[in-house]
Amino acid sequence: MSRPGSKPTAATALEAAAKHRIALLQAMESANPVLYQGKPRFIHTLHIQQLGGGLDSTIYLTGSPIAINASEIQLQARTQ
């Protein structure tokens with residue numbers, strides 16, 4: 001856990017990316033919309049591959065043939 005005001009480390013950045021990928025997979029499996037360019041969209045395909053010692057995540061949204069980097073997708077807040 002990092003202290004307030006401390007710089008993020010590579011390990012915390014990897015953990016954050018892993019949590020983001022898991023949340024994207026959960027959104028896809030439960031048909032929850034995600035935000036892309038401020039608009040709600042649904043994930044059609046989530047592709048994860050090893051690349052240069054790390055993982056690269058590519059997403060295709062429903063109705064679009066364009067590959068999008070996972071970092072460009074925001075999670076929509078869930079309302080209960």
Side-chain angles (χ1 to χ4, degrees):
M1 197 162 176
S2 61
R3 295 180 184 159
S6 66
K7 294 182 180 179
T9 64
T12 57
L14 289 174
E15 290 172 7
K19 287 180 181 179
H20 187 68
R21 278 191 300 272
I22 291 168
L24 290 171
L25 179 60
Q26 289 174 339
M28 185 176 116
E29 288 180 337
S30 59
N32 285 326
V34 295
L35 294 175
Y36 177 64
Q37 297 180 340
K39 297 178 183 176
R41 304 287 300 272
F42 292 93
I43 297 173
H44 181 272
T45 305
L46 174 59
H47 178 77
I48 301 171
Q49 67 181 9
Q50 287 187 329
L51 185 66
L55 293 176
D56 179 53
S57 304
T58 304
I59 293 175
Y60 290 89
L61 300 173
T62 301
S64 175
I66 300 169
I68 301 166
N69 191 302
S71 63
E72 297 180 44
I73 304 290
Q74 291 90 37
L75 298 170
Q76 190 166 335
R78 293 183 185 177
T79 56
Q80 294 190 14

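- The side chain to side chain contact (heavy atoms under 4.5 Å, CB included) test applied to Pro40 returns Pro33, Leu35, Gln76, not counting sequence neighbours.
- Checked against side chain to side chain contact (heavy atoms under 4.5 Å, CB included), Leu75 has the following partners two or more places apart in sequence or in another chain: His20, Ala23, Leu24, Val34.
- Atom-to-atom distance recorded for Thr12:OG1 and Leu14:CG is 8.0 Å, nearest 0.5 angstrom.
- Closest of all the heavy-atom pairs between Glu72 and Gln74 is O-NE2, 3.5 Å.
- Atom CG of Asn32 is separated from atom CD1 of Ile43 by 9.5 Å, given to the nearest 0.5 angstrom.
- Heavy atoms only, all atoms of each residue included: Arg41 and Tyr36 are closest at CG-CB, 4.3 Å.
- Taking NE2 of His44 as the start and CE of Met28 as the end, the distance is 8.5 Å to the nearest 0.5 Å.
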Can you give each donor-acceptor pair under 3.5 Å made by side-chain atoms of residues 51-62, sequence neighbours left out, with the distance rounded to 0.1 Å?
residue, atom, partner, partner atom, Å
Thr62, OG1, Phe42, O, 3.3

